[in-house]
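Since the structure comes first, as structure tokens, the remarks are kept for the end.
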Amino acid sequence: MVKMSDGTGKQKLEQWRFLSSHSRPSRRGQNTLVGFSQDLMRIPFIFVLGRYLIVVDDVWSTNAWNDLKMLFPDDNSCSRILLTTRLIHVADYASSINTHHLMRFLNEEESWNLFYQKAFQGRYCPSALMDFGMNIVKNCQGLPLLIVVVVGLLVKDNKPLDYWELIKLWVAERFVDQFVIETDKVAEKYLMELRNLILVGQKGSANGKIKTCRMHDLLKELSVRMAHEEDFLYVKSRHQRFLLEEASFKHRLSIHHDASYSGSEEDITMQSMYNVRSFIYNGWADTQLHSYYYFGCRLLKVLDMVGLELSGFPEEILLLVNLKYIAIVCHSVIPACITLLWNLQTLIIEDPGGIASELPIEIWSMQKLRHLRFSRVFLPASSSFSPNAESIFLLQTLETLSVLDDLDYDISKLTPNLKKLGIHYNSKSSHSLNHFFHLQKLETLKILFDRPAGSTFTQSINLPSSLKKITLERGRIDWEYMSIFGSLPNLEVLKLRELAFRRSEWLPNEGEFLKLKFLLIWETDLMHLLANSNHFPCLEHLILRNCSNLVEIPSGIGKIPTLEIIEIDSSGPSAVDSANSILDDQRNLGK
């Protein structure tokens, strides 16, 4: 459904066609601008001589429209907004004029014509590709967006015939070749190639990397159905029934929390689960039933059950020797026989109560481990094995280790390639901080304080120059010691939570924070931030939350040329007024 926010639909669509065909960047680039607004969900816009056309695609609610329309100035310049939605009440709400243009799905002929034009630009279609192309078009079920997206993947880098014919598999079950050294980067590349199929949820604070993603509901429904038909994935939810003949040969199984359950399903579980390689489970709450499922998965490689809390570490897991990835929620002591899982690469255990889990000393012999992530965990030093254990038991492949409790040894000798580290700081941790300097590949550091840091912390900490992201929480460090972090040459993200620093005044030093892009201050007693554009020359995002004592945001902050966002929440009214003043100044400058 297409809705014009002003005037008659036919007139405005004719104006839109005119602008689309005639509004292109001039040679000098002074009169016309065509592009995308990055902050408004990649909304395309056309700006001509002070007027604009903005296309807002797929609006789901009136609240979303209310939030967006505040950003569009109504200055009687004959500007226009083209809005699309699948909800009639949203279209009615956006404009008082009832002029809806109802869209329909493409028929087979129209779908093929679109596919043909996009894939071959009107040139001859090789007969060898005709059948595959027609089959792909049929599976797209008349969705123009999906056709265009699939074509983009097919024609990228002149993919050969076999890519068309094996298109839905990534390296035959192994999505990333196990012999590739930097598998995470390769996987990230694959994800970027699918960017037109996904909706980005959460991004990294500074690097913009995708942390979470979603799919449009139509694309998701189509993808799940196609995956089911090709025995690639089976999803059990309220929309799909669990049948033995359908699930027996699936390698990937996902059970949703809204899935129905009947007791008879226990009888088929042991048979149907034998071939499962990946199991994502956040379904029924009966702990006994869980073992019925994963106990039979002798070929299982991925077990993700973070959707529900277990009473303890399930011993049945130790029989699944092919496991590479485990993610569960429980509190327990991890048994020494965890070493039976000799293929394990990732172990994630969350404890809602925040009680520290205990890892056995034998964990140091698991040479394939890459990621250890706990809500809180005690990890004994490998020297407990023997006097020379430090030279023998090194986790060379370990990249993530979080969140460590009672760290009282030199972690750099045991995990030389660590990239992400989180610790709970207390009196036992103080002498280990000086060794952080030797972690020359460390990029992310998170320190949670059980009590105020004190002078011992500021005098002992020694950080590597490789750090890009630091999170500090509950430290109550004096602002005068901020140079410890500001002097780091590659620091891009700094998050200060729950009185990480204290005192009423912060005067940053010039020449520090030269690459800082993201600054979060969440809960502080800070009253005066004495900063200007020279102090944070590359800052893009400034987020202030629960800063009730803060008097104002300095006007000089608004003069930072890279600044994109100031977000202020639950703070004093004068600070909010200063943020609005900065916004007005930028608007007056035409930014």
Side-chain angles (χ1 to χ4, degrees), residues 170-184 186-187 251-253 270 273-281 290-291 293-306 310 312-330 332-350 357-374 377-386 388-402 404 411 413-421 441:
W170 288 5
V171 199
E173 179 86 17
R174 293 173 178 170
F175 297 123
V176 180
D177 193 331
Q178 64 175 338
F179 298 108
V180 176
I181 296 177
E182 295 184 317
T183 53
D184 289 346
V186 176
H251 283 187
R252 298 164 192 87
L253 175 62
M270 296 295 290
M273 295 294 289
Y274 181 79
N275 291 306
V276 173
R277 268 69 164 179
S278 297
F279 186 30
I280 301 175
Y281 184 94
H290 305 158
S291 61
Y293 276 92
Y294 51 69
F295 185 75
C297 305
R298 293 303 178 94
L299 302 178
L300 197 66
K301 295 180 180 180
V302 174
L303 177 62
D304 188 334
M305 299 178 65
V306 294
L310 304 177
F313 188 87
E315 294 184 359
E316 296 92 338
I317 289 180
L318 301 175
L319 299 175
L320 309 178
V321 296
N322 291 299
L323 277 173
K324 294 184 177 181
Y325 180 101
I326 299 176
I328 58 176
V329 178
C330 70
S332 66
V333 176
I334 309 303
C337 49
I338 187 74
T339 56
L340 293 174
L341 305 180
W342 59 277
N343 284 303
L344 194 63
Q345 298 177 3
T346 299
L347 178 60
I348 299 174
I349 298 184
E350 298 179 4
S357 301
E358 294 184 29
L359 282 172
I361 192 68
E362 289 81 4
I363 200 77
W364 293 104
S365 66
M366 301 182 70
Q367 294 300 300
K368 292 185 179 181
L369 276 176
R370 296 184 61 200
H371 306 285
L372 284 173
R373 199 179 79 201
F374 291 73
V377 65
F378 173 72
L379 176 62
S382 67
S383 56
S384 302
F385 276 128
S386 67
N388 298 320
E390 289 188 2
S391 61
I392 301 174
F393 294 97
L394 303 181
L395 290 181
Q396 296 278 4
T397 59
L398 195 67
E399 297 180 7
T400 303
L401 182 55
S402 182
L404 281 181
I411 193 67
K413 291 184 178 180
L414 306 176
T415 58
N417 296 310
L418 207 60
K419 293 182 178 179
K420 295 183 179 180
L421 174 64
K441 294 185 179 181

Original post:
Side chains of L418 and L398: does their closest heavy-atom pair fall under 4.5 Å?
Top reply: yes

Original post:
Distance from L369 atom CG to T346 atom OG1, nearest 0.5 Å?
Top reply: 8.0 Å

Original post:
Atom CZ in F374, atom CG in L401: separation rounded to 0.5 Å?
Top reply: 9.0 Å

**OP:** Drop me the distance from L341's CG to K324's NZ, to the nearest 0.5 angstrom.
**Re:** 13.0 Å

Original post:
In Å and rounded to the nearest 0.5 Å, what is the OG1 to CD distance from T397 to Q345?
Top reply: 8.0 Å

Original post:
Which distance, rounded to the nearest 0.5 Å, do you find between the CG of L395 and the CG of L372?
Top reply: 7.5 Å

**OP:** Say whether, by atom type as modelled, one donor and one acceptor occur between the side chain of Q367 and the main chain of W364 under 3.5 angstrom.
**Re:** yes

Subject >> Validation row: E315, P335 side chains within 4.5 angstrom (heavy atoms) >> reply: no

Subject >> Shortest non-hydrogen separation from M305 to L310 and the atoms involved >> reply: CE-CD2, 4.3 Å

Original post:
With side chains defined as the heavy atoms from C-beta onward, is the minimum distance between M366 and L344 less than 4.5 Å?
Top reply: yes

Original post:
Any side-chain heavy atom of L299 within less than 4.5 Å of one from L320?
Top reply: no

**OP:** May I ask you to test the K301-Y325 pair for a side-chain heavy-atom distance under 4.5 Å?
**Re:** no

**OP:** Measure the CG-OG distance between L300 and S278 for me, rounded to the nearest 0.5 Å.
**Re:** 7.0 Å

**OP:** Show the numbers, then the answer: is there a side chain to side chain contact (heavy atoms under 4.5 Å, CB included) between F313 and I338?
**Re:** CA-CA 11 Å; F313 188 87; I338 187 74; 3.9 Å; yes

**OP:** Could you point out which residue of I348, I349, D304 forms a side-chain contact (heavy atoms from CB on, under 4.5 Å) with I328?
**Re:** I349

**OP:** Indicate whether the side chain of H371 and that of T400 have a donor and an acceptor atom separated by less than 3.5 Å.
**Re:** yes

Original post:
Quick one: are P360 and I334 in side-chain contact, heavy atoms under 4.5 Å?
Top reply: yes

Original post:
Does one side chain, of K441 or N417, offer a donor that lies under 3.5 Å from an acceptor on the other?
Top reply: yes

**OP:** Report the C-alpha distance between L404 and V377 in whole Å, list the side-chain angles of each, state the deciding distance to 0.1 Å, and finish with yes or no for side chain to side chain contact (heavy atoms under 4.5 Å, CB included).
**Re:** CA-CA 5 Å; L404 281 181; V377 65; 3.9 Å; yes

Original post:
Do I317 and L323 come within less than 4.5 Å of each other through their side chains, counting heavy atoms only?
Top reply: yes

**OP:** Answer yes or no: is there a side-chain heavy-atom contact under 4.5 Å between L379 and I363?
**Re:** yes

